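Worksheet for the structure shown next.
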Amino acid sequence: VTFSEAMEPSYVTTSTSDTNCAGSIRVSSDNYSTCVKMSSEPVSSNSNRTFTLDPYDNLTVGSTYLTRVTTGVKDAAGNSMSSQYDNSTGFAIVDLTAPTVSSLSPTDNQSSVAITDNITVTFSEAMDNTSVTTNTDNASCSGTLGVSSDNFSSCVQMSSGPASSSDNITFTLDPSDNLSYSTTYKIRVTTGVKDTAGNALSSQYETSSGFTTLLPAPDNLSASGANNTITLTWNTVSGATGYTLYWDNVSGIDSSDTA
């Protein structure tokens with residue numbers, strides 16, 4: 001707040017203890033039923049003509065705040081302001097903070113991911129769901145969310161657009177077909193995504209290593225028995241470092257061993 005002349009700082013006060021509308025300078029979003037709590041008394045500058053208020057906490061995005069200066073303020077000669085000052089329209093708080101990617105599922109570097117798993121992306125705030133899109137027609141990397149196993153030369157086709165949570169913070173991708181076994185996939189979020197205030201992601205987000213799906217089960221399993229022994233054979237699985245064998249007695253699998 002800037003005055004026409006030097007003021008006596010001891011008369012320029014505000015509410016610092018609570019949200020009561022105390023002090024001679026007040027800021028409110030509810031027509032002065034309550035006032036914004038400040039972190040300290042007004043700080044003077046410009047030879048005691050300008051006084052700066054520092055809210056104790058961030059103001060609320062989307063709210064409109066009014067400013068009031070009461071007749072309790074006095075200039076350096078002790079003269080009070082002749083009448084209370086209220087700004088008529090106030091000022092509105094806008095969101096200028098870019099969203100970020102908060103978490104992913106599967107996570108980066110995660111292994112043994114089921115080929116039927118969906119992919120979820122969680123942002124730091126509510127998003128404009130019209131800006132969160134993916135490819136549903138083919139394997140091109142269109143849309144703002146993409147999943148790829150070949151460094152985004154092509155992308156996994158999804159069965160539908162991203163499904164948003166009720167608060168538009170988490171979005172789920174559902175591949176149109178199972179993912180491939182023993183394959184590493186990366187997730188990309190482009191700067192085309194925007195929050196509800198229209199702020200875009202500041203830079204493209206891409207997982208560095210990606211997640212890797214499960215190895216497939218071995219096929220062509222066969223068994224032969226002779227001389228009180230049973231011999232099992234199967235095709236090797238590329239990347240497998242061992243195999244676990246399960247066998248049952250009467251009522252189901254209850255034992256295992258590693259080959």
Side-chain angles (χ1 to χ4, degrees), residues 29 57-65 91-217 237-239:
S29 62
D57 205 352
N58 291 338
L59 300 181
T60 303
V61 172
S63 295
T64 298
Y65 292 85
F91 61 91
I93 305 301
V94 297
D95 176 10
L96 300 177
T97 303
T100 60
V101 176
S102 294
S103 64
L104 300 170
S105 179
T107 60
D108 202 22
N109 286 309
Q110 185 173 338
S111 59
S112 300
V113 175
I115 62 171
T116 55
D117 277 4
N118 289 338
I119 298 95
T120 62
V121 179
T122 299
F123 294 94
S124 58
E125 58 179 307
M127 304 297 288
D128 174 3
N129 56 20
T130 64
S131 73
V132 184
T133 59
T134 194
N135 54 307
T136 59
D137 295 330
N138 49 47
S140 65
C141 290
S142 59
T144 53
L145 302 187
V147 178
S148 176
S149 62
D150 59 7
N151 206 30
F152 301 97
S153 294
S154 64
C155 284
V156 175
Q157 182 179 346
M158 301 298 168
S159 61
S160 62
S164 62
S165 59
S166 59
D167 55 8
N168 287 333
I169 291 178
T170 298
F171 292 80
T172 301
L173 300 176
D174 180 18
S176 60
D177 201 354
N178 289 343
L179 301 177
S180 298
Y181 282 111
S182 190
T183 301
T184 297
Y185 293 88
K186 290 185 175 182
I187 302 170
R188 173 185 285 176
V189 184
T190 76
T191 55
V193 296
K194 296 179 180 180
D195 64 19
T196 53
N199 301 305
L201 199 70
S202 58
S203 60
Q204 181 169 276
Y205 179 92
E206 187 176 311
T207 50
S208 57
S209 301
F211 64 88
T212 303
T213 52
L214 284 165
L215 295 173
V237 176
S238 177

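Note that the coordinates shown come from a computational prediction; the quantities given were computed from them, not determined experimentally.
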Next on the checklist: Just to verify, which of Leu179, Asn178, Asp177 counts as forming a side chain to side chain contact (heavy atoms under 4.5 Å, CB included) with Pro175?
Outcome noted: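 Of Leu179, Asn178, Asp177, side chain to side chain contact (heavy atoms under 4.5 Å, CB included) with Pro175 is met by Leu179 alone.
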
Roughly how far apart are [X] [atom1] and [Y] [atom2], rounded to 0.5 Å?
X      : Y      : atom1 : atom2 : value
Leu214 : Thr183 : CG    : OG1   : 11.0 Å
Ser105 : Leu173 : OG    : CG    : 11.0 Å
Met127 : Leu201 : CE    : CG    : 6.5 Å
Ser149 : Phe211 : OG    : CZ    : 9.5 Å
Asp108 : Glu206 : CG    : CD    : 10.0 Å
Thr172 : Ile119 : OG1   : CD1   : 9.5 Å

Determine yes or no for a side-chain-to-main-chain donor-acceptor pair under 3.5 angstrom, with [X] supplying the side chain and [Y] the backbone.
X      : Y      : answer
Ser131 : Lys194 : yes
Thr144 : Thr133 : yes
Ser159 : Asp174 : yes
Asp195 : Ala98  : no
Asn135 : Ser140 : yes
Ser164 : Asn168 : no

Over all heavy atoms of both residues, which pair between [X] and [Y] is shortest? Give the atoms and the distance, please.
X      : Y      : value
Ile187 : Phe152 : C-CZ, 3.9 Å
Ser203 : Thr191 : C-CG2, 3.6 Å
Gly146 : Cys155 : CA-SG, 4.4 Å
Pro99  : Ala200 : CD-O, 3.6 Å
Asp95  : Thr97  : OD1-N, 2.9 Å
Thr213 : Ser180 : OG1-O, 2.6 Å

Next on the checklist: Testing the 3.5 Å rule here: is there a donor-acceptor pair between the side chains of Thr170 and Thr122?
Outcome noted: yes

Item to check | Between Ser209 and Asn109: side-chain donor-acceptor atoms closer than 3.5 Å | outcome: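 Ser209 vs Asn109: donor-acceptor pair found between side chains.
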
Item to check | With Phe91 via ring pair (Phe, Tyr, Trp, His ring centres under 6.0 Å) - residues at least two apart | outcome: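 Applying ring pair (Phe, Tyr, Trp, His ring centres under 6.0 Å) to Phe91 gives Tyr65.
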
Next on the checklist: Quick one, Ser124 with Ser102, criterion side-chain hydrogen bond (donor to acceptor under 3.5 Å, both in side chains). Give me CA distance, side-chain angles, the key distance, then yes/no.
Outcome noted: CA-CA 5 Å; Ser124 58; Ser102 294; 4.8 Å; no

Next on the checklist: So for atom NZ, which belongs to Lys186, do other residues, nucleotides or ligands contribute more than 12 heavy atoms lying within a distance under 6.0 Å?
Outcome noted: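 Result for NZ/Lys186: enclosed.
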
Next on the checklist: Would Gln110 and Leu104 count as a side-chain contact (heavy atoms from CB on, under 4.5 Å) here? Give the steps.
Outcome noted: CA-CA 10 Å; Gln110 185 173 338; Leu104 300 170; over 6 Å; no

Next on the checklist: Which residues pass the salt bridge (Lys or Arg N to Asp or Glu O under 4.0 Å) test with Glu125, not counting sequence neighbours?
Outcome noted: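 Expected list: none.
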
Checklist entry - Checking side-chain contact (heavy atoms from CB on, under 4.5 Å) for the pair Val101/Phe123: CA distance, chi angles, key distance, verdict? => result CA-CA 4 Å; Val101 176; Phe123 294 94; 4.1 Å; yes

